[in-house]
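Lettering of chains follows the sequences in order, A, B, ..., and the numbering in each one begins at 1. Any value given below was found using the heavy atoms of this structure, including those in side chains, with hydrogens, waters and symmetry copies removed.
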There are 2 protein chains.
Amino acid sequence: MAQQLTRNQSLVLDALTHAEGPLSAYTILDKLRDHGFRAPLQVYRALDKLLEFGMIHRLESMNSFVACSHPDHHHHDHGVTAFAICEDCGQVTEMHDAGIEERLSVLAGREHFKTEKTTIEIRGHCQNCTSG
Amino acid sequence: MAQQLTRNQSLVLDALTHAEGPLSAYTILDKLRDHGFRAPLQVYRALDKLLEFGMIHRLESMNSFVACSHPDHHHHDHGVTAFAICEDCGQVTEMHDAGIEERLSVLAGREHFKTEKTTIEIRGHCQNCTSG
DNA sequence: ATCAATTGCGTTATGCTATAACGTGTGGCA
DNA sequence: TGCCACACGTTATAGCATAACGCAATTGAT
C-alpha cells in the first residue's frame with residue numbers, strides 16, 4: 001500500500017520529515033546539494049508527487065512545505081486540514097475538525113460551489129512563544 | 001470615518017474594484033502604467049496600506065488581491081473571511097460564517113494558540129462553470 | 001516660524017518562487 | 001523491436017516580492 005518513492009522523492013520527503021518546521025523549495029534544494037541536486041525543478045517535481053500522494057502539505061501563506069503529521073494514513077484519507085503556524089518559532093500544528101468541514105460544506109453549498117481543495121491557515125503564536 | 005487615500009492607493013483600489021476578479025501586483029502595475037506607475041514597489045506599498053485599512057484582501061493561494069466586497073464597513077469589522085475561488089472563471093466569492101469562527105476558535109484554544117490572522121480559501125468551480 | 005519626525009513617493013537593484021522547453025535514459029509490454 | 005510512460009537533468013525564463021537609497025510633503029510640537 002505504501003507508495004514506492006523514487007530517490008529524489010525520498011530525499012525531499014526526508015528533508016521535510018527531519019526539518020523543525022516548514023521548508024521552502026529552495027531551502028530544500030540547498031539541503032540536498034550534497035546529494036546531487038542542482039536545479040529547482042528537481043525539488044518541485046518531487047514536491048508535486050509527494051503532494052499528490054498526500055505525504056506532504058503546502059502552506060500557501062508562506063510558500064513552503066511540511067511533511068504530513070499523519071504518516072500512517074496517507075492518500076488524503078483525512079479531510080480538510082487546518083494549520084496553526086507560529087510566526088515566532090515557525091512551528092506548524094496540523095488540525096482536523098469535522099465541525100469545520102460541515103460548516104464549509106454548508107457555505108459552499110449555499111453558493112452552489114463545487115469544492116476541490118480547501119486551505120485553512122491560522123497565523124499567530126503557539127503556546128511556547130506566548131507563555132514566555 | 002472613511003480612510004483618506006493617497007493618489008496611488010486610490011488608483012490601486014480602483015483597479016481592483018473595477019476588475020472582474022483578483023489581480024496580481026504586476027497585473028495592477030501594468031494597468032496603471034498610463035497613470036505613471038513604473039515600479040512594483042509603488043503597487044506593493046499601496047496594497048500594504050489597503051490591506052491594513054481592510055479595504056482589500058490578499059488571496060494567498062494565488063498571490064493576488066481582491067477588493068473587499070463589503071466596502072461599507074471597512075476596518076476589519078467583519079471577522080474571519082472565507083473565499084470561494086473558481087478555477088475556471090476566476091470569480092471570487094467572499095463568505096462569512098459565525099459557526100466557522102467558533103470552531104476555529106475552539107481548535108486554536110485547544111492548542112493554546114493565539115490567533116492573529118486566519119486564511120480560508122476554497123478552490124473549486126462556481127455555479128456558472130459547473131452547470132455549463 | 002522652525003525644526004524634527006513621519007509618511008509617501010520614485011528609482012535601481014536584487015532576491016525568492018515557480019515553470020517552460022528541451023533532451024536523455026530506463027523499464028514495461030504488445 | 002518498437003512504442004509508451006515516466007523520472008530525470010539542464011538551461012533559460014517568467015512571475016512575485018523586498019532591500020536600500022534619497023527626495024518631497026505633511027504634521028505638529030516648541
Side-chain angles (χ1 to χ4, degrees), chain A residues 2-16 19 21-53 55-66 83 85 87 90 92 117 119 121 123, chain B residues 2-16 19 21-53 55-66 83 85 87 90 92 117 119 121 123:
Chain A
Q3 181 66 34
Q4 180 59 27
L5 299 181
T6 67
R7 169 179 160 81
N8 283 5
Q9 288 159 14
S10 294
L11 286 168
V12 169
L13 180 58
D14 276 9
L16 285 172
L23 301 179
S24 76
Y26 279 72
T27 302
I28 296 171
L29 174 58
D30 286 339
K31 283 183 181 293
L32 295 181
R33 287 202 190 278
D34 293 344
H35 295 273
F37 276 50
R38 325 217 62 204
L41 225 49
Q42 295 175 278
V43 178
Y44 281 109
R45 289 205 270 236
L47 288 171
D48 283 346
K49 283 299 180 185
L50 293 171
L51 284 169
E52 186 183 321
F53 300 152
M55 293 173 167
I56 66 173
H57 300 284
R58 176 191 173 86
L59 300 178
E60 303 285 356
S61 66
M62 53 193 307
N63 297 320
S64 58
F65 305 83
V66 281
F83 299 94
I85 304 167
E87 303 199 316
V92 173
K117 182 176 189 302
T119 298
E121 296 178 18
R123 308 295 296 261
Chain B
Q3 181 66 32
Q4 180 59 29
L5 299 181
T6 68
R7 169 180 159 80
N8 283 8
Q9 288 160 14
S10 295
L11 286 168
V12 169
L13 180 58
D14 276 9
L16 285 172
L23 301 178
S24 76
Y26 277 71
T27 302
I28 295 171
L29 174 58
D30 286 339
K31 284 181 180 293
L32 295 181
R33 287 201 190 277
D34 293 345
H35 295 273
F37 275 52
R38 326 216 64 207
L41 261 193
Q42 295 174 280
V43 178
Y44 281 108
R45 289 205 270 234
L47 288 172
D48 283 347
K49 282 300 181 184
L50 294 171
L51 285 169
E52 185 182 322
F53 299 153
M55 293 173 168
I56 65 173
H57 300 285
R58 176 189 174 86
L59 300 179
E60 304 286 356
S61 67
M62 52 192 309
N63 297 321
S64 58
F65 305 83
V66 283
F83 299 95
I85 304 168
E87 303 199 316
V92 173
K117 182 174 187 303
T119 298
E121 297 178 18
R123 308 295 295 259

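Atom C1' of nucleotide dA25(D) and atom CD of Q4(B) are separated by 15 Å, given to the nearest angstrom. Rounding to whole angstrom units, CG of residue L29(B) and P of dG10(C) are separated by 12 Å. Atom-to-atom, CD1 of I28(B) to C1' of dG15(D) comes out at 14 Å; the value is rounded to the nearest Å. Between L51(B) atom CG and dA17(D) atom P the separation is 11 Å, expressed in whole Å. Atom P of nucleotide dC6(D) and atom CG of D48(A) are separated by 14 Å, given to the nearest angstrom. For L41(A) and dT13(D), the CG to C1' distance is 12 Å, given to the nearest whole Å.
When all heavy atoms of G90(B) and P22(B) are compared, the pair lying nearest together is O-CD, 3.2 Å. Between V92(B) and L59(B), the shortest heavy-atom contact is CG2-CD1, 3.7 Å.
Judged by closest nucleotide on DNA chain C, R7(B) is the one of P40(B) and R7(B) placed further toward the 5' end. Residue-to-nucleotide proximity on DNA chain D shows that, of G36(A) and Y26(B), the 5′-proximal contact is made by G36(A). Two residues, R45(A) and F65(B), neighbour DNA chain D, and the one matched to the more 5' nucleotide by heavy-atom proximity is R45(A).
Which of dC9(C), dG9(D), dC8(D) sits closest to the side chain of Q9(A) comes down to dC8(D). Closest contact between the side chain of Y44(A) and the listed nucleotides dT12(C), dA17(D), dT19(C) involves dT19(C). Comparing dA17(D), dA7(D), dG9(D) by their closest approach to the side chain of K49(A) singles out dA7(D).
Using a distance-only test at 3.5 Å, with no hydrogens or angles considered, a donor-acceptor pair links the side chain of E121(B) to the main chain of E60(B).
In this model, the phosphate group of dC9(C) is not approached by any side-chain N or O of Q42(B) to a distance below 4.0 Å at OP1 or OP2. Not one side-chain nitrogen or oxygen of N63(B) sits closer than 4.0 Å to the OP1 or OP2 atom of dG15(D). Between T6(A) and the phosphate of dA7(D), there is no side-chain N or O to OP1/OP2 separation shorter than 4.0 Å.
To the nearest 0.5 Å, atom CG of residue L16(B) and atom CG of residue L47(B) are 6.5 Å apart.
Across all strands, R38(B) comes closer than 4.0 Å only to sugar-phosphate atoms, never to a base (heavy-atom distances).
Look at R45(B) and D48(B) and you find no salt bridge, because none of the NZ, NE, NH1 or NH2 atoms lies under 4.0 Å from a carboxylate O.
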